[in-house]
Amino acid sequence: LATGPRQNNSIFYEIRTYDIKPSKMKEFVEMVNKYFHLRTAHSELVGFWSAELGAMNKVVHVWKYDNFAHRTAVRHALASDKDWQGKFISAALPLIEKQHNEVAYLVPWCQLGKPPKEGGVYEWVTFQMKPGGPALWGEAFQAAVTAHVNTGYTKLIGVFHTEYGLLNTVHVLWWNENSDHRAAGRHSAHEDARVVAAVRDSVRFLESQQNMLLIPLQCSPLK
């Protein structure tokens, strides 16, 4: 009741969310920036962010894999990488309170984008849709996202639909120049009749919605 159309290839994205002990957040970020080149030597990191608003002491990182065999090979290699295990994992694990991961595909109408420049902020919006998958809510959801894109105030980076994890979940990643630019643009968009109509149609299929404002870490390819 969840899977549906996706990109016409085997590429998927692993979304990892870690809750960090409040007193250890600074130490964790410093360790990531110092040692994460050991991890990215094994597979492609899309982005790594810390939550600024909407959550606290939380990090989100997204990894790209060619297929499940590729991920399995990477996990085996990481387990045998003494530098990665010794310099990062053994020291980082005591700083983490909780880990969560999902496997998601890009929806077929969205390619992974990049911001027009470095130095902005990212918004990670999670939509829990009604059971039924894109066959039920896909067209209305696409129309709502497209309506926001067409306002021009924000840049769409990616739309991910879960395959493993909480099903019927869609994560939408946006980029804005700064928080105030996002707030002003969103206010204007919600006065746009086309946006209002598209959103009104899509919320018929919505169970819940949550968002976070994210700041990219130094090691993040998406900055």
Side-chain angles (χ1 to χ4, degrees), residues 6-7 9-106 111-115 118-124 126 157-166 169 171-173 175 212-223:
R6 57 181 175 85
Q7 301 282 327
N9 54 47
S10 59
I11 292 173
F12 67 85
Y13 298 84
E14 183 176 6
I15 301 165
R16 287 182 162 246
T17 306
Y18 296 171
D19 290 333
I20 310 302
K21 294 179 180 179
S23 63
K24 300 296 184 180
M25 186 66 181
K26 183 176 183 292
E27 182 180 350
F28 181 84
V29 170
E30 290 174 348
M31 287 185 57
V32 169
N33 287 330
K34 183 175 181 179
Y35 292 117
F36 229 60
H37 65 281
L38 299 172
R39 175 62 184 85
T40 55
H42 291 274
S43 65
E44 182 179 349
L45 175 66
V46 174
F48 201 125
W49 305 268
S50 63
E52 181 73 12
L53 297 172
M56 297 182 69
N57 303 300
K58 187 183 293 287
V59 297
V60 179
H61 41 125
V62 179
W63 299 88
K64 180 180 179 182
Y65 292 102
D66 296 334
N67 49 46
F68 287 98
H70 178 210
R71 181 185 183 276
T72 298
V74 169
R75 301 304 297 175
H76 282 314
L78 288 169
S80 302
D81 187 327
K82 293 182 179 179
D83 277 347
W84 171 245
Q85 294 294 328
K87 293 180 179 179
F88 183 83
I89 293 296
S90 60
L93 283 180
L95 313 183
I96 300 172
E97 287 194 326
K98 185 168 63 176
Q99 294 175 294
H100 175 71
N101 77 333
E102 300 167 283
V103 166
Y105 294 101
L106 283 172
Q111 297 295 322
L112 191 64
K114 293 184 177 180
E118 292 186 4
V121 296
Y122 292 79
E123 184 176 10
W124 183 272
T126 299
I157 302 299
V159 181
F160 305 90
H161 177 217
T162 57
E163 183 79 6
Y164 289 98
L166 186 58
T169 301
H171 301 288
V172 184
L173 181 61
W175 177 90
M212 294 186 290
L213 186 73
L214 302 178
I215 306 299
L217 269 62
Q218 179 183 317
C219 67
S220 178
L222 285 176
K223 286 186 167 51

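This chain uses plain numbering: 1 for the first residue, then up along the sequence.
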Student: Does a sphere of radius 6.0 Å around CZ in Phe68 hold more than 12 heavy atoms from other residues, nucleotides or ligands, not counting ones at 6.0 Å or beyond?
Tutor: yes
Student: Is the shortest heavy-atom distance from the side chain of Leu214 to the side chain of Val121 under 4.5 Å?
Tutor: no
Student: So Leu112 and Val46, do their side chains get closer than 4.5 Å, heavy atoms only?
Tutor: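 They are in side-chain contact.
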Student: Do side-chain atoms of Tyr65 reach the backbone of Thr72 as a donor and acceptor pair under 3.5 angstrom?
Tutor: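 Answer holds: no.
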Student: Judged by atom type as modelled, is there a donor-acceptor pair below 3.5 Å linking the side chain of Ser220 to the main-chain atoms of Gly47?
Tutor: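 Answer holds: no.
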Student: Measure the CD1-CD distance between Ile20 and Gln99 for me, rounded to the nearest 0.5 Å.
Tutor: 8.0 Å
Student: To the nearest 0.5 angstrom, please state how far the CD1 atom of Ile157 sits from the CD atom of Gln111.
Tutor: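 Here the interatomic distance stands at 13.0 Å.
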Student: Taking all non-hydrogen atoms of both residues into account, name the closest pair between Pro115 and Tyr122 and its distance.
Tutor: CG-OH, 3.3 Å
Student: For the residue pair His61 / Glu14, report whether a side-chain donor-acceptor contact shorter than 3.5 Å exists.
Tutor: no
Student: Which atom names give the shortest non-hydrogen contact between Met31 and Ala91, and what distance separates them?
Tutor: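 Shortest heavy-atom contact: CE-CB, 3.4 Å.
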Student: Would you say Tyr13 and Ile11 make side-chain contact, with heavy atoms under 4.5 Å?
Tutor: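 Yes; the side chains approach each other to less than 4.5 Å.
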Student: Contact between Lys24 and Pro94 at the side-chain level, heavy atoms closer than 4.5 Å - yes or no?
Tutor: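 No, their side chains stay 4.5 Å or more apart.
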Student: Does Gln218 offer a backbone N or O that forms a donor-acceptor pair with the side chain of Lys223 under 3.5 Å?
Tutor: yes
Student: Would Arg39 and Trp63 count as a cation-pi pair here, with the cationic atom under 6.0 angstrom from the ring centre and within 45° of the axis?
Tutor: yes
Student: Do you know which two heavy atoms are closest between Ser50 and Met25, and how far apart they sit?
Tutor: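 Closest heavy-atom pair between Ser50 and Met25: CB-CE, 3.8 Å.
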Student: What's the verdict on side-chain contact (heavy atoms from CB on, under 4.5 Å) for Arg16 and Val60, showing C-alpha distance, side-chain angles and the deciding distance?
Tutor: CA-CA 6 Å; Arg16 287 182 162 246; Val60 179; over 6 Å; no
Student: Got a second to check how far Lys34's NZ is from Phe88's CZ, nearest 0.5 Å?
Tutor: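 The NZ atom of Lys34 sits 12.5 Å away from the CZ atom of Phe88.
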Student: Less than 6.0 angstrom separating the ring centers of Tyr18 and His100, yes or no?
Tutor: no
Student: Taking C-beta and beyond as the side chain, do Glu52 and Met212 meet within less than 4.5 Å on heavy atoms?
Tutor: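 No, their side chains stay 4.5 Å or more apart.
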Student: Report yes or no: does Thr40 contribute a side-chain atom to a donor-acceptor pair with the main-chain N or O of Phe36 at less than 3.5 Å?
Tutor: yes
Student: Write down the atom of Asp81, the atom of Leu38, and the distance for their closest heavy-atom approach.
Tutor: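 Between these two residues, the closest heavy atoms are OD2-O, 4.2 Å.
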Student: Test side-chain contact (heavy atoms from CB on, under 4.5 Å) on Val29 and Leu217 and set out the steps.
Tutor: CA-CA 8 Å; Val29 170; Leu217 269 62; 4.1 Å; yes
Student: Any chance you could measure Glu163, atom CD, to Thr169, atom OG1, to the nearest 0.5 Å?
Tutor: 12.0 Å
Student: Using modelled atom types only, decide if a donor and an acceptor are shared between the side chain of Lys21 and the backbone of Asn57 within a distance under 3.5 Å.
Tutor: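 Pair absent, no side-chain N/O of Lys21 close to backbone of Asn57.
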Student: Kindly say whether Ala77 contributes a backbone atom to a donor-acceptor pair with the side chain of Ser80 at under 3.5 angstrom?
Tutor: no
Student: List the atom of Ala104, the atom of Phe160, and the distance in Å for their closest heavy-atom pair.
Tutor: CB-CB, 3.8 Å
Student: Enter the distance from Trp124:CH2 to Ile15:CD1 here, rounded to the nearest 0.5 Å.
Tutor: 4.0 Å
Student: Is the closest basic N to carboxylate O distance between Glu30 and Lys26 below 4.0 Å?
Tutor: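 Yes.
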Student: Taking the side chain from Glu123 and the backbone from Leu173, do they hold a donor-acceptor pair closer than 3.5 Å?
Tutor: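 Answer holds: no.
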Student: State, with a plain yes or no, whether a side-chain heavy atom of Phe48 is found less than 4.5 Å away from one of Leu222.
Tutor: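 Not in contact.
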Student: When rounded to the nearest 0.5 angstrom, what is the spacing between CZ in Phe12 and CG in Leu106?
Tutor: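 Taking CZ in Phe12 and CG in Leu106, the distance rounds to 12.5 Å.
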Student: Can you check side-chain contact (heavy atoms from CB on, under 4.5 Å) on Glu102 and His171, steps first, answer last?
Tutor: CA-CA 11 Å; Glu102 300 167 283; His171 301 288; 3.0 Å; yes
